[in-house]
Amino acid sequence: MRLSQFHLATVKEVPADAEITSHRLMLRAGMIRRLASGLYTWSPLGLRVMRKVEQIVREEMDRAGALEMLMPSIQPKELWEETGRWQKFGDQLLKITDRKQQEFCYGPTHEEVITDFARNELKSYRQLPIVFYQIQTKFRDEFRPRFGVMRAREFLMKDAYSFHLSQESLAETYAAMYQAYVRIFTRLGLTFRAVQADTGAIGGNASHEFQVIADAGEDAIAFSDGSDYAANLEKAEALAPTSQRPAPAIALQRVDTPAQKTIAEVSAFLKVSPQQCVKTLLVRGRDGLVALCLRGDHEINAVKAGKLAELPDESVLASEEEILAATGARPGFIGPVGLPDSIPVIVDRDAAVLADFVCGANVDGIHCTGANWDRDARVSRIADLRSVVDGDLSPDGNGVLHIARGIEVGHVFQLGRKYAEALDATVVDETGKPQVMTMGCYGIGVSRIVAAAIEQRHDDAGIIWPEAMAPWRVAVCVINPKNVPAVAAAGEALYQALSQRGIETVLDDRGLRAGGMFADIELIGIPHRVVVSERGLAAGTLEYRAREDSESRALSQEELFSLLH
RNA sequence: CGGGGUAUAGCUCAGUCUGGUAGAGCGUUGCGUUUGGGACGCAAAAGUCGGGGGUUCGAAUCCCUCUGCCCCGACCA
């Protein structure tokens, strides 16, 4: 490609509200332009990068035996009512009405459509297992679109769905897809981690997220430094402490804490560590209020709480009025000592081994010291309630956990029979009896990968693409070609020679001054740059610089070709 | 959904408090000088000041209303 024939649209200024690096750099490089909230136009430059990602995804899915197809982006309401998701998906589902007043949605995902396809197409167990996939635009009406294409409403996604007669078959395909994902993200040149994920309300058997490690990531992940263990923070188990609870050593006392409500305030005021305090959360259970007790330095894990039998899937904190009515005290002074018997007290494993701890006294302005379980406070049961923290032991017994930020770019999921059951997707088995199929689903956020790569690889000058994602591998920059015909000719010849060797090359023949040319090429992240100049021509060398290097070096044409081979 | 902010030239933003003929930088066009890290000079084009309503002799500026966009919050005791 000759840049003089291309629409390169770099800009110097970017809106103040473009907050994260990848969003700013994509705008500056002219890869995307915003059309409306969460909607972006991909320029020729941006699309070149997205197509690179798409192609690697496609090749690896094909290699893994998945079959590409294409489903409509618009889906009929009736199908979504069959699975109950027309209501359940909520406001993120963009609903549309056609001129006949028939209702549709713009697909946020395609379980309904593919399962409908499968129930019509698949009749016999002999056709299984089978994996279908598509690469297609999705729409989710996000509550808060932000960070450019990282959390856009419209985005490009690869979604795959597998169909099986047995759980064993699903497990095999799941493993194959997992391996395909490892290949994809490795080929893309990204630093990533496959982490165990919570299966959520769908309740499948296994799920992994593929997370690109980056500080701007929206997800927290926990990983062991002594093993392969890695899990989403929502899922990571906090091991039970090995120590036994000490015997009570001191008597229960009530002390005045007139204005100390938070753990930080109480522990500072009473000169005890937060680890020696118990914090109590009152939440609305399935049947009245429930108390959850944690060590003062720990945080509640909402997903773990949601799995308790006493609580709904999404627990909600009690209001100040409810708390006052139930305990006689305001938030900040609640504790397990002297709670009404009607409120179950569920205690985190770590809080349960404390003795002589500090907690709220259920009287405004008063806390207890020297409190002890059983002697002073009921324990209905002990559970894992908290999020793990840096330094916790790994649940698999090997190493210590660390916390990192990640960007979720892929998700593999053993779905089970939920959708096949709802849509009655069956095949006949060896005995001729109909069996509901078992399913898996496997997603990759193609457009998000582009942003995630920039988040992971950039410097002050701009983007640093991994070779596999770069819009071009090599840029040939010619200095002052208009005044020096020999330089123009040499640049053209080098461009032809590289192109003929199958090396994707862009020729910067715009005739810009050197500074402007270099700034653009660095901003758009081309991995290799070659400068053709009067100076180099006289010396008989080319000036080469890798995007990641800070110095140029002189190469002969042969050396350049072998380097780029 | 709750709270806050914002909307002015193609882009990024001043001007609004204190009403009085619409501004800058970047970009664009033309001419000239330049040509190895985002050059310089001269000239030029370019805005229903988000929409509607009101107050006023007079509104980008004050008031009401609608819309778009952005930020913060949704697990804190």
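Letters A, B, ... are given to chains in the order of the sequence lines, protein chains preceding strands, and every chain is numbered from 1.
A salt bridge links A:Glu218 with A:Arg151: at least one charged nitrogen is closer than 4.0 Å to a carboxylate oxygen. A salt bridge does not link A:Glu13 to A:Arg28: none of the charged side-chain nitrogens sits closer than 4.0 Å to a carboxylate oxygen. Between A:Arg510 and A:Asp520 there is a salt bridge, with a side-chain nitrogen of the basic residue lying less than 4.0 Å from a carboxylate oxygen of the acidic one.
For the P atoms, the distance linking B:U21 with B:U61 amounts to 14 Å, nearest Å. Taking the P atom of each, B:A74 and B:A59 are spaced 45 Å apart, rounded to whole Å. Going from the C1' atom of B:G41 to that of B:U34 covers 11 Å, rounded to whole Å. Rounded to the nearest Å, the gap between the P atom of B:U29 and that of B:G23 is 24 Å. Of the P atoms belonging to B:C63 and B:U6, the separation is 12 Å, rounded to the nearest Å. Here, B:C26 and B:G4 have their P atoms 38 Å apart, quoted to the whole Å. Taking the C1' atoms as reference points, B:A22 lies 13 Å from B:U16, given to the whole Å. Comparing the P positions of B:U8 and B:G51 gives an interatomic distance of 10 Å, to the nearest angstrom.
Remark: P of B:C71 and CZ of A:Phe147 are 7 Å apart, rounded to the nearest angstrom. If you take NZ of A:Lys12 and C1' of B:G10, they are 15 Å apart, rounded to a whole angstrom. Spacing between atom CD1 of A:Ile263 and atom P of B:A77 amounts to 7 Å, rounded to whole angstrom units. With rounding to whole Å, A:Asp91 atom CG is found 8 Å from B:C1 atom P. The interatomic distance linking A:Ile479 (CD1) with B:U34 (P) rounds to 19 Å, in whole Å. Atom pair A:Leu523:CG and B:G38:C1' shows a separation of 11 Å (rounding to whole Å applied). Spacing between atom CD of A:Glu234 and atom C1' of B:A74 amounts to 14 Å, rounded to whole angstrom units. The separation between A:Asn483 atom CG and B:U34 atom P is 10 Å, rounded to whole Å.
Nearer the 5' end of RNA chain B, as judged by each residue's closest nucleotide, is the contact made by A:Phe518, out of A:Phe518 and A:Pro145. Positionally, the nearest nucleotide of RNA chain B for A:Ser37 lies more toward the 5' end than for the other of A:Ile323 and A:Ser37.
Closest to the A:Arg34 side chain, of the nucleotides B:G38, B:U12, B:C69, is B:C69. Listed nucleotides B:U12, B:G38, B:A77 differ in distance to A:Arg28; the shortest reach to its side chain belongs to B:G38. Taking only side-chain atoms of A:Ala519, from C-beta outward, the nucleotide of B:U35, B:C69, B:G38 with the closest atom is B:G38. If you check B:A77, B:G37, B:C69 against the side chain of A:Leu281, the one that comes closest is B:A77. Side-chain atoms of A:Asp520 lie closest to B:G38 of the nucleotides B:G38, B:G37, B:A77.
Side-chain atoms of A:His528 and A:Glu467 form a donor-acceptor pair, as typed in the model, at a separation below 3.5 Å. At a cut-off of 3.5 Å, with distance as the only test, a side-chain donor of A:Asn372 or A:Asp356 sits close to an acceptor on the other residue. Between A:Asn480 and A:Glu534, the side chains place no donor N or O within less than 3.5 Å of an acceptor N or O (distance only, hydrogens not considered).
Geometrically, A:Arg448 does not engage A:Phe155 in a cation-pi contact defined by less than 6.0 Å to the ring centre and at most 45° from the axis. The cationic atom of A:Lys88 (NZ for Lys, CZ for Arg) does not lie both less than 6.0 Å from the six-membered ring centre of A:Trp80 and within 45° of the ring axis.
At the phosphate of B:A39, OP1 or OP2 sits under 4.0 Å from a side-chain N or O atom of A:Arg513.
Using a 4.0 Å heavy-atom cutoff across all strands shown, A:Val14 reaches sugar-phosphate atoms only and no base atom. At the heavy-atom level, A:Glu534 lies nowhere under 4.0 Å from the strands shown. Here A:Arg386 lies out of heavy-atom contact (under 4.0 Å) with every strand.
Nucleotide B:C17 forms no Watson-Crick or G-U wobble pair with any nucleotide shown, as no partner meets the under 3.5 Å limit on both distances. The partner of B:C42 is B:G30, judged by Watson-Crick or G-U wobble contacts that both fall below 3.5 Å. The partner of B:A7, taking Watson-Crick or G-U wobble pairs whose two distances both stay under 3.5 Å, is B:U67.
Side-chain atoms of A:Glu13 stay outside donor-acceptor range of the base of B:G27, with no qualifying N/O pair under 3.5 Å. Under 3.5 Å, the side chain of A:Arg146 and the base of B:G73 form no donor-acceptor pair of N or O atoms. Side-chain atoms of A:Glu522 and base atoms of B:G38 include no donor and acceptor less than 3.5 Å apart. Below the 3.5 angstrom threshold, one finds no donor paired with an acceptor across the side chain of A:Arg510 and the base of B:G38.
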